Number of protein chains: 2
Amino acid sequence: MAALAGVGIKTVSRVINDEPGVSEATRQKVLNASRQLNYQLDMAAGSLRRAGRRTLSVGLLLPSVSNPFSGEINRAIEDALGARGIAVFAASLDDDPRREQAIVTAFLGRRVDGLILTPIARSQAYVIPEHSRDLPLVFIDREPVGMEADAVVTDNAAGAASAAAHLISGGHTRLAYLGDRTDIQTARERRRGFVEEIGRHGIPTSTIPIRENLHNEESARLAALELLTAEDPPTAIFSSQNLVTFGAMRALRELGLSNRVALIGFDDFTLADMMDPGVTVIAQHPEQIGKLAAERLLARIDGDEQPPRTYVVPSELIQRGSGEIRPPA
Amino acid sequence: MAALAGVGIKTVSRVINDEPGVSEATRQKVLNASRQLNYQLDMAAGSLRRAGRRTLSVGLLLPSVSNPFSGEINRAIEDALGARGIAVFAASLDDDPRREQAIVTAFLGRRVDGLILTPIARSQAYVIPEHSRDLPLVFIDREPVGMEADAVVTDNAAGAASAAAHLISGGHTRLAYLGDRTDIQTARERRRGFVEEIGRHGIPTSTIPIRENLHNEESARLAALELLTAEDPPTAIFSSQNLVTFGAMRALRELGLSNRVALIGFDDFTLADMMDPGVTVIAQHPEQIGKLAAERLLARIDGDEQPPRTYVVPSELIQRGSGEIRPPA
DNA sequence: ATGAAAGCGCTAACAT
DNA sequence: ATGTTAGCGCTTTCAT
């Protein structure tokens with residue numbers, strides 16, 4: 001290509017990278033030759049020598065790219081990083097701790113400029129060596145364990161507390177909790193926020209019906225059925241996650257209680273307003289989480305050396321009917 | 001690192017790549033040094049020299065990574081390619097033709113081993129140079145225009161036809177069509193299949209109420225309201241896409257017609273069975289589309305030279321109630 | 001304004 | 001079984 005244009009290889013490099021110090025005439029010669037050959041810069045070869053070795057790519061580890069919440073985060077990150085010419089490798093973890101480390105390793109082998117990840121393994125201490133060698137790292141949804149790094153999370157406890165407060169202000173005193181696996185930090189936070197808020201209102205917390213380790217719709221449905229058909233059933237239910245909410249909705253419908261027992265779910269979902277009744281939720285803001293995470297990562301890539309911090313994105317109570325059902329008089 | 005282990009650089013390469021011809025003793029020496037330095041192979045540097053220049057990465061262009069249908073495809077592709085150690089760059093197009101070409105260019109600069117894309121631009125002729133230089137290429141959801149390459153698509157016309165047949169067998173003769181933008185190939189196919197099937201049953205097709213270019217919930221809702229409040233309203237509606245289906249559902253509910261007018265939507269969605277009535281749909285199979293596309297891409301990467309082909313993934317009618325509503329006697 | 005030389009981290013080809 | 005040399009496509013550094 002340098003040959004075709006009749007110039008030195010460095011001049012080609014100058015033109016392609018829009019560096020100064022090239023006469024307009026040579027510029028055109030090079031540009032022509034480049035078009036003729038359909039020339040395309042090889043980014044990887046470039047980063048091999050470039051100062052800082054930037055590859056303009058980052059790795060993103062999510063629960064699953066097919067999960068709508070992750071999809072929104074993915075999209076926000078893509079938008080924020082794409083504006084800087086950075087491409088995103090995304091991978092799904094499926095709650096498998098071994099995958100987490102394997103994928104991190106694979107991405108590091110590709111020399112990504114940084115990593116954004118939803119931690120699932122019991123500890124993230126394994127990235128300490130890389131992180132201290134200046135690998136930019138931002139955690140999302142959950143804080144890392146065994147190390148310190150930036151994190152962007154939803155206010156899980158506060159959101160759950162606002163659900164409890166809302167139900168209590170509606171007159172409920174018998175509130176039940178349906179929760180996800182207790183080894184997931186966010187699930188524990190949500191329970192804590194919920195239970196503590198109930199206590200704050202002077203309602204005894206030791207007898208709150210709590211069913212946990214519900215990780216899919218069916219187990220949640222069964223747990224809700226059990227709860228609702230037991231003696232002294234709850235007049236309001238809080239579910240900690242979408243699939244659990246769906247299970248609770250099914251149980252309520254089966255028992256004909258959809259309009260008699262209150263329900264608030266953590267996390268918003270499509271068509272929630274089209275249900276009967278509309279489903280009141282604590283909505284998270286995945287676009288904001290993704291955007292903030294991308295911005296923090298860029299700041300770190302650009303050399304920000306502040307001590308690591310956790311950024312909290314507020315959740316939002318959206319009233320749609322199910323959470324406003326009153327207890328029977 | 002070769003120095004630390006006290007061996008030649010090539011021996012290190014042999015150990016890392018599990019090549020034969022290294023004594024167990026030296027192997028251990030190298031492995032130890034590698035652990036001490038936290039050594040990590042640089043894939044990019046490797047592919048620079050490796051035969052075939054494989055980077056073990058591919059590019060994926062989707063309408064949007066945040067759209068559930070795309071998410072499922074993304075996931076299936078990730079699973080199929082991940083098994084071969086291939087990482088996926090995903091990008092969102094937002095129906096913007098200029099983005100399509102820009103992202104393809106960006107991915108080519110990263111020397112991806114292949115590309116899987118949902119075409120949106122009017123023509124894909126711009127990739128002909130690369131494709132004929134052996135860039136593996138598979139289109140999904142829509143076939144390319146202006147060039148020939150493998151494609152994996154849903155049987156749009158047949159799926160829409162099965163919806164029409166189902167409604168007609170339920171006794172309907174006045175069927176309406178609510179469709180997406182007519183510049184989208186799949187939308188046109190769905191209309192064609194729907195209309196042709198109606199004709200096949202001897203019902204005049206010239207008077208079918210057709211409303212098109214509905215690209216979001218609100219425009220679909222308004223179109224459906226108009227249709228349903230006009231003279232001689234349809235007794236059954238077919239909607240060509242999720243957002244359009246949602247709009248139609250809202251209109252039916254507003255008019256109190258949810259249980260009087262039949263509805264079949266193209267594309268399945270979460271909670272469709274929880275609606276009142278459950279929504280009958282023509283379900284696509286994004287996991288199969290993604291899996292097949294990934295398999296075809298791998299075959300091409302592995303040197304398959306067959307002439308390009310279009311693979312059709314069948315859709316499936318799922319009865320849930322709304323599509324089984326009978327016309328008024 | 002332009003170019004030559006060195007070298008990024010690796011693998012291929014060829015010694016030894 | 002192990003090492004040496006060259007070179008992938010680029011950017012850096014330093015001449016000219």
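Not measured: the values here are computed from a predicted model.
- Atom pair A:Asn17:CG and D:dG9:P shows a separation of 16 Å (rounding to whole Å applied).
- Counting only distance, with no hydrogens or angles, the side chain of A:Glu72 and the backbone of A:Pro286 share no donor-acceptor pair below 3.5 Å.
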Return the polar atom pairs (N/O with N/O) between nucleotides 13-16 of chain D and the protein under 3.5 Å, or none.
none

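- A side-chain donor-acceptor contact under 3.5 Å links B:Asn156 to the backbone of B:Thr154.
- When distances run from any side-chain atom of A:Leu48 to the nucleotides C:dG9, C:dT2, C:dT11, the shortest one goes to C:dG9.
- Atom-to-atom, NZ of B:Lys29 to C1' of D:dT2 comes out at 10 Å; the value is rounded to the nearest Å.
- Of the candidate nucleotides C:dT11, D:dT2, D:dT12, C:dT11 has the atom nearest to the side chain of B:Arg50.
- Side-chain N/O atoms of A:Ser13 include none lying less than 4.0 angstrom from OP1 or OP2 on D:dC10.
- C:dC10 atom P lies 16 Å from atom CG of A:Asp42, rounded to whole Å.
- You'll find the side chain of B:Tyr126 stays beyond 4.5 Å of the side chain of B:Met147, heavy atoms only.
- Using a 4.5 Å heavy-atom cutoff, the side chains of A:Asp267 and A:Phe69 are in contact.
- Remark: P of C:dG9 and CG of B:Leu41 are 12 Å apart, rounded to the nearest angstrom.
- The residue A:Gly46 sits close only to the backbone: its heavy atoms come under 4.0 Å of sugar-phosphate atoms, none of a base.
- Between B:Gly6 and B:Arg53, the residue anchored closer to the 5' end of DNA chain D is B:Gly6, taking for each the nucleotide with the nearest heavy atom.
- As rounded to whole Å, 14 Å separates atom P of D:dA1 from atom CG of B:Asp18.
- No engagement by B:Ala44 is indicated, since no non-hydrogen atom pair under 4.0 Å with the nucleic acid exists.
- With a 4.5 Å cut-off on side-chain heavy atoms, B:Tyr311 and B:Asp150 count as touching.
- In this structure, B:Leu60 and B:Leu115 have side chains that are not in contact, with every pair of non-hydrogen atoms separated by 4.5 Å or more.
- In this structure, B:Gln40 contributes its side chain and A:Gly109 its backbone to a donor-acceptor pair below 3.5 Å.
- B:Glu19 comes within 4.0 angstrom of no nucleic acid atom, judged by non-hydrogen atoms across all strands.
- Comparing atom distances between the B:Ser23 side chain and each of C:dG9, D:dT2, D:dC10 picks out D:dT2 as nearest.
- Comparing A:Thr26 and A:Ile9 along DNA chain C, the residue whose closest nucleotide (by nearest heavy atom) sits nearer the 5' end is A:Thr26.
- Looking at B:Asp113, its side chain does come within 3.5 Å of a backbone N or O of B:Thr55 through a donor-acceptor pair.
- With rounding to whole Å, B:Met43 atom CE is found 17 Å from C:dC8 atom C1'.
- Atom pair B:Leu37:CG and C:dG9:P shows a separation of 13 Å (rounding to whole Å applied).
- Listed candidates were C:dC10, C:dT2, D:dT2. Nearest to the side chain of B:Ala45 is C:dC10.
- Nearer the 5' end of DNA chain C, as judged by each residue's closest nucleotide, is the contact made by A:Pro20, out of B:Arg49 and A:Pro20.
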